[in-house]
Number of protein chains: 2
Amino acid sequence: MKIMHKEHTLTKNQQIIFDLIDKSPEPLKAYSILHNVQKKGIKAPLQVYRVLDKLIEIGKIHKIESRNAFIACHNSSCQVAKATAFSICEMCEKVTEISSAGLSKYLANFKDKDGMKYSKYNLEFFGLCKKCRT
Amino acid sequence: MKIMHKEHTLTKNQQIIFDLIDKSPEPLKAYSILHNVQKKGIKAPLQVYRVLDKLIEIGKIHKIESRNAFIACHNSSCQVAKATAFSICEMCEKVTEISSAGLSKYLANFKDKDGMKYSKYNLEFFGLCKKCRT
DNA sequence: TTTAGATTGTTATAATATAACACCATGTAA
DNA sequence: TTACATGGTGTTATATTATAACAATCTAAA
Ligand SMILES: [Zn+2]
Ligand SMILES: [Zn+2]
Ligand SMILES: [Zn+2]
Ligand SMILES: [Zn+2]
């Protein structure tokens with residue numbers, strides 16, 4: 001199976017915003033991104049949201065729905081399928097993308113009561129991270 | 001194990017808003033709720049959001065995070081644990097709460113690479129519903 | 001070169017959600 | 001009874017998140 005999502009050539013705006021998200025240790029919110037790229041010429045919310053939409057579409061970033069925040073993808077298996085899973089610490093808000101072959105296989109093969117399968121899903125686990133548990 | 005979440009006595013505002021959500025065939029958005037209860041004396045967004053927060057806390061409703069919408073719970077097993085799963089039709093936006101012992105068991109027992117388990121999670125499956133597939 | 005598609009820049013506005021503060025009802029303890 | 005704690009309410013204002021609409025520009029293929 002050919003993987004092509006990493007091969008997209010990003011435009012200037014896309015590269016600027018992706019770099020910012022990619023080097024961030026935590027998910028970034030849209031207006032925080034805007035604030036950080038204004039000095040690079042990206043001045044309006046819509047410019048940010050358009051780039052975010054595109055980066056999501058090509059699998060370079062994901063949206064953490066429960067937080068309205070965006071994180072770079074570091075999981076080569078989830079990008080085409082848009083099948084994502086995260087753990088979220090409710091204390092410090094640390095977010096980690098889960099890369100588990102077992103989990104993705106289970107979910108991709110899950111059938112609802114009508115026998116319907118779903119290749120696209122988003123799963124968010126909530127708890128306390130290692131640091132916050134101690 | 002004693003189940004107590006259904007036993008909450010709702011206040012007037014809580015009952016009004018829960019009834020509205022409960023009888024809706026589709027998830028409702030906060031401002032749509034507001035619009036529909038203004039004739040009953042609930043006039044401000046904050047009154048709605050406070051009730052929504054409480055109803056979520058006691059397990060009577062869930063939030064569909066990817067849609068910013070609220071749906072009544074019809075699943076007796078998910079309310080204490082706040083472990084929820086939904087299927088969402090990307091065509092008609094129909095949302096169904098998934099009640100699968102196998103799925104909830106699998107997710108409750110899932111361990112991440114640090115061996116961490118999560119009793120709280122939210123899963124949203126995306127696809128086409130039966131009607132939209134044909 | 002022409003054309004179609006994608007991207008950009010811009011202003012304005014819509015939609016979603018919370019802060020802050022005063023007031024009220026109910027239950028419990030002194 | 002009084003005092004206090006808790007949770008719910010009403011209200012105004014504001015913060016945060018996201019999209020509409022339109023014109024201009026760039027890029028790659030035919
Ligand atoms: Zn990913
Ligand atoms: Zn933590
Ligand atoms: Zn439920
Ligand atoms: Zn449908």
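Each chain gets a letter, A, B and so on, in the order the sequences are listed, and its residues count up from 1.
Nearer to the 5' terminus of DNA chain C, by closest-nucleotide assignment, is the contact made by B:Lys63 (compared with the other of B:Lys63 and B:Arg50).
As rounded to whole Å, 13 Å separates atom P of D:dG8 from atom CD1 of B:Ile17. Straight-line distance from the CG atom of B:Leu10 to the P atom of D:dG7: 16 Å, rounded to whole Å. The CD1-P distance, from B:Ile64 to C:dT16, rounds to 14 Å in whole Å. Rounded to a whole Å, the CG atom of B:Leu55 is 10 Å from the P atom of D:dG8. Atom-to-atom, CG of A:Asp53 to C1' of C:dT8 comes out at 14 Å; the value is rounded to the nearest Å. Between the P atom of C:dC24 and the NZ atom of B:Lys12 lies a distance of 16 Å, rounded to the nearest Å. Taking atom CG of B:Asn13 as the reference point, atom P of D:dT11 lies 11 Å away to the nearest angstrom. D:dT16 atom P lies 16 Å from atom CG of A:Leu28, rounded to whole Å.
Between B:Thr11 and the phosphate of D:dT9, there is a side-chain N or O to OP1/OP2 separation shorter than 4.0 Å. At the phosphate of C:dT16, OP1 or OP2 sits under 4.0 Å from a side-chain N or O atom of B:Lys29. When the side-chain nitrogen and oxygen atoms of A:Tyr49 are compared with OP1 and OP2 of D:dT19, none of them lie within a distance under 4.0 Å. The phosphate of C:dA15 has neither OP1 nor OP2 within less than 4.0 Å of any side-chain N or O from B:Asn68.
Residues A:Thr84 and A:Asn122 have side chains that bring a donor and an acceptor to within less than 3.5 angstrom of each other. A donor-acceptor contact closer than 3.5 angstrom links the side chains of A:His62 and A:Glu97. Looking only at atom types and distance, the side chain of B:Ser66 has no donor-acceptor partner in the side chain of A:Glu65 under 3.5 Å away.
Residues of residues 37-47 of chain B that place a heavy atom closer than 4.0 Å to DNA chain C, in numerical order, are B:Leu46.
Using a 4.5 Å cut-off on side-chain heavy atoms (C-beta onward), A:Lys111 and A:Met116 make no contact. Looking at heavy atoms from C-beta onward, A:Ile71 lies out of side-chain contact with A:Ile61 at the 4.5 angstrom threshold.
The aromatic ring of A:Tyr31 is stacked on the base of D:dT17, with the two ring centres less than 5.5 Å apart and the planes inclined by under 30°.
For residues 43-53 of chain A, no pair satisfies side chain to side chain donor-acceptor pair (under 3.5 Å), with sequence neighbours left out.
Listed for the A:Asp22 side chain is no donor-acceptor partner under 3.5 Å among the backbone atoms of A:Phe18.
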